[in-house]
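One structure is given below, encoded as C-alpha cells.
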Amino acid sequence: MSVGERDPHTGHMTTGHEWGGIKELNTPVPKPVIWFLIGTFIFSLIYWVLMPAWPLGVTYTRGLLGLDQRDEVMVRVAEGQAARADWVKAIEEGSFDSIQDDEVLMDVVRGTGSSLFGDNCAVCHGLNGQGGPGFPSLAAGSWLWGGEPEDVWETIRVGINSDHPETRMSEMLAFGRDQILDRSTILDVVAYLQSLPGSDDPQTPLDPEAVARGEETFAMQCTACHGENGQGDPAMGAPDLTDDVWIYGGDRDSLYWSIYRGRKGHMPHWEERLSPVERKILTLYVLEIAKGRD
Amino acid sequence: MVAQLTRNERHIGLALAVFVSLLGLAMAAGGKQDLFGIHGLIVFAFGVGSAFLLISGFHLPEPSDERLTRYYDDPIKVGLILSMIWAVFGMFMGVWVAAQLAWPALNFDMAWTSFGRIRPVHTTGVIFGFGGNALIATSFHVMQRTSRARMPDQLSPWFVLIGYNLFCVLSVTGFPIGITQSKEYAEAEWYADLWLVVVWVTYLVLYLRTLARRQEPHIYVSNWYFLAFILVVAMLHIVNGLALPISLASAKSYTIYSGVQDAMVQWWYGHNTVAFFLTAGFLGMMYYYLPTRAGRPIYSYRLSIISFWGITFFYVWVGSHHLHYTALPHWVQTLGMTFSVMLLVPSWASAANALLTLNGAWHKVRTDATLRFMMVAAVFYGLSTFEGSFTAIRAVNSLSHYTDWTVAHVHAGALGWVALITFGSIYAAVPRLWKTGQMYSPRLVEVHFWLAVAGIFVYVFAMWNSGIIQGLMWRTYNENNALAYSFIESLVAMHPYYIARTFGGLLFLCGAVVGFYNLWKTIQLAPREQEVLRDQPAAVLARSSAVQPGE
C-alpha cells in the first residue's frame, strides 16, 4: 500500500511509512551482521554440547567434557594444598627456634605472613603493625603479655578479654569514675608519670611537689600491677610506663582519662578462625615486625 | 495545569487525592511506632498537596474542545524538569558516595550518611528519578508524535507522573533512615512497590490507549521499545518484589524467595532492569530524537527488527551471568553466559543503525552538540554492550567480577549511554515543547557535552585500571603458592583511582548543573517567544529566535 521513495544520499528505498517526519530506509541487513550473528549461535551451540547447559526435568545435560564447577574447584584446592604441603609440614612440625634458624622457612613466613597479617590483624594493628590510638603497636617491641614466641602464640590463640574460655584477662580500674582517687590526686599521678623516662610531653614544666605526691599515690595504688618502678608486668598484661610506647596516648589529657575511666582492651581469639600453621606463621611474622625496628 | 482538566477529571482527581491523603493518614497512625509512620506522613503530604492544587483551579472554566486539536504537552514539560532535578540530586549523591570511598571520614560519622545507606539513594536517584522521569516524559512525547494522536485523557498522564515521583521520594527518603529490602535496584519496601504497580499499570493502559488512537497504519520502532520497557519492567518488578510484610503497620517485609533462588530472581530482575529500563526505553528515545534531529531516515528498518527481537528475546536469559562461580548450578551459568554472547550482535545492530542513520548528517554532528550527545551515546552503547557480553564469559568474569571493572562497565553504560542519550533528547525536545526554536544557550550545551565526555573518560579509565589491578592482586600467588596480597593492600592500591573517579564524577555533575541552568533559562524565554508569535508573521520567528538568546 505505502509507496517507498529513493533516498538521494544512500540510494536506498524507504519503506514508505512516515511518523511525524521520520522515515525509514529498507536497507537490507548487512551481510557481516548475519555472519557474526550465526557465529555467536555456533559458539553457543558448541558450548552447550561441551558444558552442562540445559535443564531436563530434575537433571540437566552434563556436556561432553563432563565438567562441573564444584569438582573443578575441589581439584584446584587440592592442587594448591599439595603445592604448599612441604613447607606447611615443616612449619607444623618445627619448633619456633628451629624455624627462626631456617632462612628458607623464614622466607615463607615473611611472604605468607604479610597477607595473613593484612587480612586478619591489620584492621586494628595497622598494615605494618604500627598500631593506632587504642591498638598496640607490634613494631615497638613493648609487649603487654611477653615477647617470647610462646607468649605471642598464646595471645593469638586465646585473645585478650575475649570470649575464649582460657582468654587472657586484664583490666585497669576506673580510679576516677569509681571514686578511688579524686581529681587532684589523679593529676599528681599524671605528673609523676610524665617525670618518668620516655614521657610524651617533656615540655610541660612539672611541679616537683606534685611529682612527689604522685609518686606516693603510685606506690600505693599502681605498683601492684605496673610494678614498683612502673616497668609493667607481662604476667598480668600491665604495660610498661617507663618506655615511650603509649597505647592510649602519653600526653597529659590521655593519661588523665586512662586513670579516670580505666582501660580494658579487647583482642579476639583466633583459635577457631585460623589453623595452627597459620597462627604459627603469624606469631613468627609478628616477631619479625618487632625485630625490623631494631 | 488544572485548567486543562475537564470537570469530570477534576472530580476524579480530587477523589484520588483525598483517597491518597486518607491512606497516608492511616499509614501514619498505624505505623506511629515504626518508620512506616514517617512514610505515611509523606504520602499524606502528597495527597493533600495534590488536593490543594486541584481545588485551587476547581472552578476554572472547562477547557475548550480546541485542545483536542493539539498534543497534550504539559505533563511532558513537568516530567523533563523533574528529570533534570533528579539528575542533579542523584549525581550529587554519586559524587558524595565516590568521595566517601576515597575519604571515608566524609560520612561524618552518622549512620544516615554511611556508604551503605546513601549508595542506594544515588542509584535510585539517577536510575529511577532521572532516567525514569525522562523515559516517562519522552515516551509521552514520542507516542503522541509518532501516532499523530493526542493522549486519550488529561488525568492519567498526571497520575502516572506524580505517582511515579511519589514512589521515588518514598525510596530515597527511606534508605537513609533504614527502610530497605536490601535487594539491589529494588530496595524500596512492599508498600512503595505496590503503589508502583498501580502507577505502572496505569502507564501501560495509557500507552496502549494512545497507540490504539493512532492515525498511522504502522507502529513506529520507538513505540516497540517503549512498550517492551513498560511491559517487562512491570513483570520484573512484580515477580522480584513478591514479599510478605511482617505487619500491615510496619515498613519491614521479607521476600518470598530464599537462598540461591532469591539470588537468581534478584539478578534476573537486576540485569533486566539494565535491559528494559536502561536499554529498551532509551533505545526508544534514541530512535525518535536522533533521526528527527539529524533530519535523516532510519538507516534500516530490517536491522531495527533484528535488534529489537534479538534484544527482547536474549536479554531475559542473561541475569545468571551475575552469579558465575557461585552456588548457582553450573548449567544456569552456562545459559546466562551463552545468551550474553548471542546478545552482542543485536545490541551492536542498534548502535550501528543509529550511527549509520547519521550518514548524510555528519556535518551536523560537528556543529550541533545536541546531535553529538546522541552520537556519542550510540558509541558508548556499542562499547558497553561489547564489554557486557565479554565480561559475561566465565573466564573473563573470574577476573572482573567483584572488582571496579564492573563499576567501570556500569558507568560506561549509565553515563556514556543512558545519560548522554537523555541529555541529547532533552536538548532536542525542550525547544520544541516550549516553542523557543533552540536552547537558551547552544554554547552551554557544548560546555555540558565536553564536561560530560571528559567526566566519563576520567571515571571509566580510573575504574578500569582500578578493577584490573584489584582483580589481579586478588589472584596473584607468591612463590610459596600462597596468596601474595592481603585485601587491605588492594585497597591501598585503589586509593588514587578512587580520587580520580570522584573527580570524573564531579565533572559529570557540573555538566548536569550547566544543563539544568540552560533548561531553566530556556523556559523563561518561552512566554516571550509566544508574544512574538502573536505579534509577528510566523516566518520571521525562526530567524528572530536565533539572534535573541542573550536577552
Side-chain angles (χ1 to χ4, degrees), chain A residues 1-2 7-10 12 14-15 17-30 33-34 36-37 39-41 43-45 47-48 51-55 60-63 67-70 73 79-84 87 107-108 111-112 114-120 122-123 127, chain B residues 142 144-148 216-218 220-222 287-288 291-292 295-306 310 324-325 329-335 337-339 341-346 348-349 352 356-357 359-360 389 394 477-489 492:
Chain A
M1 284 240 289
S2 44
D7 171 47
H9 184 79
T10 57
H12 290 299
T14 69
T15 55
H17 310 141
E18 188 183 334
W19 299 271
I22 305 177
K23 293 176 185 173
E24 285 176 326
L25 299 178
N26 207 12
T27 318
V29 177
V33 173
I34 306 274
F36 198 6
L37 195 61
T40 60
F41 289 179
F43 169 81
S44 298
L45 278 173
Y47 202 87
W48 291 342
M51 303 295 274
W54 283 91
Y60 56 91
T61 59
R62 306 277 159 159
L67 291 178
D68 177 79
Q69 62 166 3
R70 189 162 186 85
V73 94
E79 281 171 5
Q81 279 168 346
R84 288 186 292 266
W87 59 258
D107 271 347
V108 175
T112 54
S114 76
S115 60
L116 268 178
F117 187 85
D119 284 336
N120 296 291
V123 171
L127 198 48
Chain B
V142 172
Q144 293 189 98
R145 281 352 186 246
T146 56
S147 303
R148 285 202 295 129
E216 299 284 356
H218 291 263
Y220 182 58
V221 192
S222 287
Y287 264 105
Y288 180 74
T292 47
R296 291 287 304 154
I298 289 291
Y299 172 71
S300 169
Y301 171 63
R302 294 158 191 250
L303 215 47
S304 304
I305 293 181
I306 286 205
H324 282 335
Y325 302 101
H330 199 158
W331 62 266
V332 193
Q333 300 175 28
T334 301
L335 291 182
M337 167 187 151
T338 46
F339 276 89
V341 171
M342 290 189 281
L343 181 60
L344 175 61
V345 181
W348 268 14
L356 290 169
T357 296
N359 275 346
S389 297
R394 281 179 97 239
Y477 284 82
N478 61 21
E479 63 275 23
N480 306 314
N481 296 301
L483 285 174
Y485 298 101
S486 61
F487 183 79
I488 209 165
E489 283 171 305
V492 173

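Quantities reported herein were computed from a predicted structural model and do not represent experimental measurements. Throughout, protein chains are lettered first and strands after them, A, B, ... in sequence-line order, and every chain is numbered starting at 1.
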Option that, when pairs with chain A are counted at under 4.5 Å, heavy atom only, ranks first among Val221(B), Asn478(B), Ile298(B): Ile298(B)
If I measure from the heavy atoms of chain A, does Glu479(B) come under 4.5 Å with its side chain, its backbone, both, or neither? neither
Between Tyr60(A) and Pro52(A), what is the shortest heavy-atom contact and its length? CE1-CB, 3.7 Å
Below 4.5 Å from any heavy atom of chain B, which atoms of Asp7(A) appear? Answer side chain, backbone, both or neither. side chain
Count the heavy-atom pairs under 4.5 Å between each of Phe43(A), Phe117(A), Trp48(A) and chain B, then report the option with the highest count. Trp48(A)
Check whether the side chains of Asn26(A) and Arg302(B) place a donor and an acceptor atom closer than 3.5 Å, and report yes or no. yes
A side-chain contact here means heavy atoms from C-beta on lying under 4.5 Å apart; do Arg145(B) and Thr292(B) qualify? no
So, the part of Ala484(B) with a heavy atom under 4.5 Å from chain A: the answer is backbone
Under 4.5 Å from any heavy atom of chain B, what part of Asn120(A) do you find: side chain, backbone, both or neither? neither
Is it the case that over 12 heavy atoms from other parts of the model lie below 6.0 angstrom from the CZ atom of Phe41(A)? yes
Could you check which of Asn359(B), Thr334(B), Leu343(B) has the highest count of heavy-atom pairs closer than 4.5 Å to chain A? Thr334(B)
Is there side-chain contact between Tyr220(B) and Tyr287(B), with at least one heavy-atom pair below 4.5 Å? yes
Is any side-chain heavy atom of Arg296(B) closer than 4.5 Å to one of Thr10(A)? yes
So Leu303(B) and Thr27(A), do their side chains get closer than 4.5 Å, heavy atoms only? no
Only pairs of heavy atoms separated by less than 4.5 Å count here; which of Gly20(A), Gly21(A), Ala83(A), Ala122(A) has the most with chain B? Ala83(A)
Most heavy-atom pairs under 4.5 angstrom with chain A, which of Tyr485(B), Phe487(B), Trp348(B), Tyr299(B)? Tyr299(B)
Nearest 0.5 Å, please: how far is NE2 in His12(A) from CD in Glu24(A)? 14.0 Å
Under a 4.5 Å heavy-atom cut-off, does chain B meet the side chain of Pro55(A), its backbone, both or neither? both
Which atoms of Ile22(A) are under 4.5 Å from chain B, going by heavy atoms: the side chain, the backbone, both sets, or neither? side chain
Answer yes or no: does atom CZ of Phe339(B) have more than 12 heavy-atom neighbours from other residues, nucleotides or ligands under 6.0 Å? yes
Sort out for me which of His9(A), Met51(A), Arg70(A), Gln69(A) touches chain B most, counting heavy-atom pairs under 4.5 Å. Gln69(A)
In terms of heavy-atom pairs under 4.5 Å, which option from Asn480(B), Asn481(B), Val492(B) contacts chain A the most? Asn480(B)
